[in-house]
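Letters go in sequence order (proteins before strands), and every chain restarts at 1. In what follows, every heavy atom counts, from backbone to side chain, and hydrogens, waters and symmetry copies are set aside.
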There are 2 protein chains.
Amino acid sequence: MLSQKARYALRAMMVLAEAAPGTPTMTGELATRAVVPKKFLEQILLALKAAGLVFSTRGRSGGYALAAPTDKIDFAAIVRAIDGPLALAPCASRTAYRRCDDCLDVETCDIRRALIEVRDATATILEGRTLAEALQLRRRKIKAA
Amino acid sequence: MLSQKARYALRAMMVLAEAAPGTPTMTGELATRAVVPKKFLEQILLALKAAGLVFSTRGRSGGYALAAPTDKIDFAAIVRAIDGPLALAPCASRTAYRRCDDCLDVETCDIRRALIEVRDATATILEGRTLAEALQLRRRKIKAA
DNA sequence: TTAATCTCTATTGAATTGATAGAGTTGATA
DNA sequence: TATCAACTCTATCAATTCAATAGAGATTAA
C-alpha cells in the first residue's frame, strides 16, 4: 500500500499541474485545494523539492510550482520521492537495489524472480502515467459526462 | 514493500512444497530449513492455516503440510494471507475494495485509475506464479549450472 | 502417562506513520 | 527600510505496526 503521505503528494502534484506553468501556488491554497493538512503538506513539498519535482519561491508571494512540464513528471517519480522504491523487496528494486538482510542466494531465489517481474510491470505503468496524461483523461471524462 | 513476515511465509511455503504431499513437516524443522525464527514462524503458519493454504496435524509427530497441490497455490494467495490486498490503495483493490477515507470522487480519481492498472498487473503475475512452477524453475536452474 | 507437537494470547522494543508546533529565514512591497 | 506573508527546518507527539519472544494450554502418537 502507498502511504497516506504519498497519496497526498499525488493529489498535490495534480493540483500544481493545473496551475499555469511557472506561477507559484502557496502552501495554504494548495492545502485547501488538495485537501491535505497544511503543516503536513509542507513536509511533503519539502520532500518533493528534494527530489527535484517542484521548486519553491520564498518570501512574500512565494509558493511552489512544478519543476518540469506536466508531461515530464510521472506518478512513479512522485511515489518514489515519498515512499521509496516501487519494488516489493529491496532485492527486486532497480533504482535502489539492496540485498535482503536474510537472503540465502540472490541468484537462485525463486521469490525474487517473481518480485522483479512485478516491479518491472509496476514501473512501466507508473512511469508511463504523467501528470499531463492524467489531466487529459480527467478532462475527457468530465466532457463525456 | 512486502513485510518480513510475508517473505518468511513465501520461503516456508517453498520448503513445504518440496516435502512429499500430505506428509507433515514440523515447525522446528521448517524453521531451520526456511531460516525463520521458530516462534515467529508459528504465527505465520497459523495465518496461512486460517487462509486455508496449509493444514496442521496436532500432537506428537504432527506438523504442517500444504492444503492443496503445489500447482494450485500461487504467490498471490500467500502474500494476501499475510500482508493483505496487493493493491497500492484500498480503492484499487478488487479482493478487498474500500473507499479511501479521504477520497473526493471515486469515479473521476486520476490516481485510482493508475493504481488499478498496477494492481491488475501485479495480480496477474503473482497469481500466475505457483509453487510448482517456482520449484520447476529452480530445478532447471540448478541443472544448468 | 508422557513427551512432543500445535494453539493461542500477551508482551515487548523498535520503527514507522500521520500530524502538529514553533522558531527561524527570506524577500516583495509599501 | 520596516514589515509581513511566505517558505524552511527540526522537534515532538500519539497511535499504530512490525518483528520477535514468551509461556501456558490443548492434543495426540507411542
Side-chain angles (χ1 to χ4, degrees), chain A residues 1-12 16 19 23-51 53-67 79 81-85 88-90 100-102, chain B residues 1-12 16 19 23-32 34-67 79 81-85 88-90 100-102:
Chain A
M1 291 272 174
L2 294 181
S3 67
Q4 177 74 293
K5 204 170 175 178
R7 273 184 289 128
Y8 282 160
L10 288 167
R11 283 225 297 263
L16 286 183
T23 65
T25 303
M26 54 193 192
T27 312
E29 190 191 338
L30 193 51
T32 304
R33 297 224 283 148
V35 191
V36 179
K38 188 187 169 197
K39 293 296 280 182
F40 197 24
L41 178 59
E42 285 180 10
Q43 289 183 42
I44 293 168
L45 288 168
L46 284 179
L48 293 173
K49 185 186 173 186
L53 298 178
V54 301
F55 71 89
S56 65
T57 315
R58 299 184 65 160
R60 191 165 176 171
S61 79
Y64 286 88
L66 296 184
V79 170
I82 304 295
D83 279 355
L88 292 177
C100 301
D101 298 329
D102 61 334
Chain B
M1 291 272 173
L2 295 181
S3 67
Q4 178 73 295
K5 204 169 175 177
R7 273 183 288 128
Y8 282 160
L10 288 167
R11 282 224 298 262
L16 286 183
T23 66
T25 304
M26 54 193 193
T27 312
E29 189 192 337
L30 193 50
T32 304
V35 191
V36 179
K38 188 187 171 199
K39 293 297 279 182
F40 198 25
L41 178 60
E42 285 181 9
Q43 289 182 44
I44 294 168
L45 289 168
L46 284 179
L48 292 173
K49 185 186 174 185
L53 299 178
V54 299
F55 70 88
S56 64
T57 315
R58 299 184 66 162
R60 190 163 174 173
S61 79
Y64 286 89
L66 296 184
V79 170
I82 305 295
D83 278 355
L88 292 177
C100 301
D101 298 329
D102 61 334

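The base of C/dT7 lies outside donor-acceptor range of the side chain of B/Gln43, with no N or O pair under 3.5 Å. No hydrogens or angles were tested; on distance alone, a donor-acceptor pair under 3.5 Å links the side chain of B/Lys39 to the base of D/dG23. For A/Arg58 and C/dT25, a side-chain-to-base donor-acceptor distance below 3.5 Å is present, hydrogens and geometry of angles not being considered.
Within the 4.0 angstrom heavy-atom criterion, only backbone atoms of the sugar-phosphate kind lie near B/Gly63; the bases stay farther away. Across all strands, A/Tyr8 comes closer than 4.0 Å only to sugar-phosphate atoms, never to a base (heavy-atom distances). If you check every strand for non-hydrogen atoms under 4.0 Å, B/Gly62 touches sugar and phosphate atoms only.
Picking from C/dC8, C/dG18, D/dT8 the nucleotide with the shortest atom distance to the side chain of A/Leu46 gives D/dT8. Of the listed nucleotides (C/dA28, D/dG23, D/dA6), D/dG23 has the atom at the smallest distance from the side chain of B/Glu42. Among the nucleotides C/dC6, D/dA29, C/dG18, the one closest to the side chain of B/Met26 is C/dC6. Taking only side-chain atoms of B/Arg60, from C-beta outward, the nucleotide of D/dT28, D/dT21, C/dT7 with the closest atom is D/dT28.
Distances shorter than 4.0 Å separate none of the side-chain N or O atoms of A/Ser3 from OP1 or OP2 on C/dT16. Under 4.0 angstrom from either OP1 or OP2 of C/dC6 there lies at least one side-chain N or O belonging to B/Thr27.
Here the shortest heavy-atom pairing between B/Ile44 and B/Ala9 reads CG2-CB, 3.7 Å.
Remark on DNA chain D: of its neighbouring residues B/Asp83 and B/Lys38, the 5'-side contact belongs to B/Asp83, judged by nearest-heavy-atom nucleotide.
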